[in-house]
Amino acid sequence: MSTPERPVSSNFIRTIITEDLESGKRDQVVTRFPPEPNGYLHIGHAKSFSLNFGLAEDFGGCCHLRFDDTNPLKENDEFVEAIKADVRWLGFDWGEHLHFASDYFDQFYLWAVQLIKAGKAYVDSQTAEQMRENRGTLTKPGVDSPYRDRSREENLELLEKMKNGDFPDGAHILRAKIDMSSPNMNLRDPAMYRILHAHHHRCGDQWCIYPMYDFAHGQGDSIEGVTYSICTLEFEDHRPLYDWFIQELGIFAPQQIEFARLNLSYTVMSKRKLLQLVNDKHVSGWDDPRMPTLVGMRRRGYPPEAIRTFCERIGVGRGASWIDLSVLEECVREQLNQTAFRRQAVLDPIKVTIANYPADKVEELDAPNHPQQPDMGIRKLPFSHELYIERNDFMEDPPKKFFRLAPGREVRLRNGYIIKCEEVIKDENGEVVELKCSADLDTLGKNPVGRKVKGIIHWVSAEQAKEVEVRLYDRLFNQENPDKGENYLEALNPESMQTTTALIEPELLAAEPGTTFQFERVGYFTVDSEDSQRGKPVFNRTVTLRDTWAKLK
RNA sequence: UGGGGCGUCGCCAAGCGGUAAGGCACCGGAUUUUGAUUCCGGCAUUCGCAGGUUCGAUCCCUGCCGCCCCAGCCA
């Protein structure tokens, strides 16, 4: 496994574990990442499993990957495989420890029987509505079910029949007998098993009853010897219930520690909403480059190292926090800056002709693949008398601080000569269509004497340039918190993807899907892995370059 | 107005009774054939508010205020 530098910053979980190890309360660290295979993983999950795998790594323990597959109605193997691939993509390894809650269904059933025998569980035959009414409210205690005092024998028989499929869905339910007046709603006789005549992705039609997450999660951790069950804050209220099951069953007790889940600005993180975005075709799929899913980010071109850096950088706490999307983008730039080959591409072209350069001449200029890393080599860049430059690199009447091309001004062509704008040609509408320039042919690889040329712009040679499709991605939502309004769909950014045609240097035509380049002065672009064809790449804008000029304006 | 949590710089986040780490952002300045990168420097007399305990409190106590989570046969 690659070990990205980890400026081991302290956090409260690390502190707890360190103390436990020192005091002898624990002698090893076993964590786990327990996703439900009902959707694709997103950046919030990455925070969670980076934490879990990272902790195991730091303390010389291990981290399990366990699928909590207790609801067959929503789960399937496609998600299982995708989740495994995502965790691996980020560079984590669960070794031998690939588990499923469904591996433990027999044991869970035995434990349910055990609790009935101990008078700690009963079969309720109220309808779901009745149960809801009798549960009370936040301020009113609940009312005991009329079935609460059934005999153990009757409970046992009913559960057996539930298991055998003798009842339709919803006819009965197994509940823990705790306290209907508990101020903690989770302790008001929570459901343990429900009847579900459903096909399970791993068990097939073996079961007609399935354990609730609350009756499976804690015991799954216990069976696996998980020492630290790290989960998000919303499960804090469930901890007394998990502890109750563990205690009544007399089994190994993991320690649950909760942390705040990740909130990222300009995006949504709930699986339900991501699923809706996919189903309602607001995006092209789970791997749409605008999605906060790991498959989406991979396709967008975000390197796994950047995501790990991000997870490390944002830290872990117990207060609800909002991380700005720009923090993630900065991690992406940081990584890509070191690894991406530099290329030239023009997204919004304007023609430039070099009057003093022979019309029939084509020069192959040497251009470094990475100016700071010579060992990354060079490539050839064709130069001729007719070029394209970026439209916004020219201004007819520029402010003093604009050091790009303007009438009478000089500018350096990146990796090429210094040129001077001699004449501006417009069409009948006054639109600039071409710039006539002259080149100082003694400036290739050196600066002219006696004058300084500050501006540098990128370009492509007109005849050799190739046209490719480029997708300019932007944030999916234009509200910082899309959930703040009535309906998060209203916050969708209509301009989150804009397709355009770019002119690229010819070398780029052979780019392999999944590779990322820096289009100098523009941004990082990754060859789309779905829609590119051999010799016909489609580029996704991964992230723009920082642009202090844009801020100045 | 039941219960469980949380409030330290613009955003994260250390700190656990001895006098405010770090990262990101931001602002200067240097280098630069990417207005990118890199580099150097700056950036909380103050820890939600008000009292109290103490020689000393962000850390302990009390009371306020604000925010988040819980009433699925979802996870």
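From a predicted model like this one, the values you see are computed outputs, not experimental measurements. Labels below follow one simple rule: chain letters A, B, ... track the order of the sequence lines, proteins then strands, and each chain is numbered from 1.
- Ring planes of A:Tyr213 and A:Tyr242: perpendicular class, angle over 60° (limits at 30 and 60°).
- Within residues 439-449 of chain A, the residues having any heavy atom under 4.0 Å from RNA chain B are, by residue number, A:Thr443, A:Leu444, A:Gly445, A:Lys446.
- More than 90° away from 0 lies the glycosidic angle of B:G10, which makes this nucleotide anti.
- Heavy atoms of A:Lys452 sit nowhere under 4.0 angstrom from any nucleic acid atom.
- Nearest approach of A:Ala340 to A:Thr516, heavy atoms of both residues: CB-O, 3.8 Å.
- Contact between the side-chain N/O atoms of A:Thr232 and the OP1/OP2 oxygens of B:C69 is not found at any separation under 4.0 Å.
- Between A:Arg342 and B:U37, a side-chain N or O to OP1/OP2 separation shorter than 4.0 Å is absent.
- To the nearest 0.5 angstrom, A:Glu305 atom CD is 9.0 Å from A:Gln338 atom CD.
- The side chain of A:Pro183 lies closest to B:G2, out of B:U34, B:C26, B:G2.
- Residue A:Thr70 places none of its side-chain N or O atoms closer than 4.0 Å to OP1 or OP2 of B:C74.
- Side chain of A:Asn155 to backbone of A:Val123: a donor-acceptor contact under 3.5 angstrom is found.
- Distance alone, capped at 3.5 Å, is enough to place a donor-acceptor pair between the A:Glu390 side chain and the A:Leu347 backbone.
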Handout entry: Nucleic acid footprint by protein, nucleotides 4-12 of chain B - heavy-atom cut-off 4.0 Å, B for base, S for sugar-phosphate alone
Key = SSS----SS
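- With RNA chain B read from its 5' end, the first of the two nearest nucleotides for A:Phe403 and A:Asn71 is the one closest to A:Phe403.
- With A:Phe519 as the partner, the ring pair (Phe, Tyr, Trp, His ring centres under 6.0 Å) test is satisfied by one option alone out of A:Phe341, A:Phe525, A:Trp459: A:Phe525.
- With hydrogens and angles left out, the side-chain atoms of A:Asp324 and A:Ser326 include a donor and acceptor closer than 3.5 Å.
- Taking the six-membered ring where the residue is Trp, A:Phe79 and A:Tyr40 present perpendicular rings, their angle passing 60° and hence far from 30°.
- A cation-pi geometry, defined here as NZ or CZ lying under 6.0 Å from the six-membered ring centre and within 45° of its normal, holds between A:Arg475 and A:Tyr266.
- Using a 4.0 Å heavy-atom cutoff across all strands shown, A:Phe402 reaches at least one base atom of the nucleic acid.
- Here A:Ile456 lies in heavy-atom contact (under 4.0 Å) with sugar-phosphate atoms only.
- Between the side chain of A:Thr267 and the backbone N or O of A:Leu264 there is no donor-acceptor pair closer than 3.5 Å.
- Between A:Gly136 and A:His370, the residue anchored nearer the 5' end of RNA chain B, judged by the nucleotide with its closest heavy atom, is A:His370.
- The closest side-chain donor-acceptor pair between A:Glu520 and A:Gln518, if any, does not fall under 3.5 angstrom.
- The backbone N or O of A:Thr544 sits less than 3.5 Å from a side-chain atom of A:Arg333, completing a donor-acceptor pair.
- Taking the side chain of A:Arg546 as heavy atoms from C-beta on, and the options B:C74, B:G15, B:A36, the nearest nucleotide is B:A36.
- For RNA chain B, runs of at least 3 consecutive pairs of the Watson-Crick or G-U wobble type, with both hydrogen-bonding distances under 3.5 angstrom, map to B:2-7 with B:65-70, B:10-12 with B:22-24, B:26-30 with B:38-42, B:48-52 with B:60-64.
- The phosphate of B:A36 (OP1 or OP2) has a side-chain N or O of A:Thr548 nearer than 4.0 angstrom.
- Heavy atoms of A:Asn337 sit under 4.0 angstrom from primed sugar atoms or phosphate atoms, though from no base atom.
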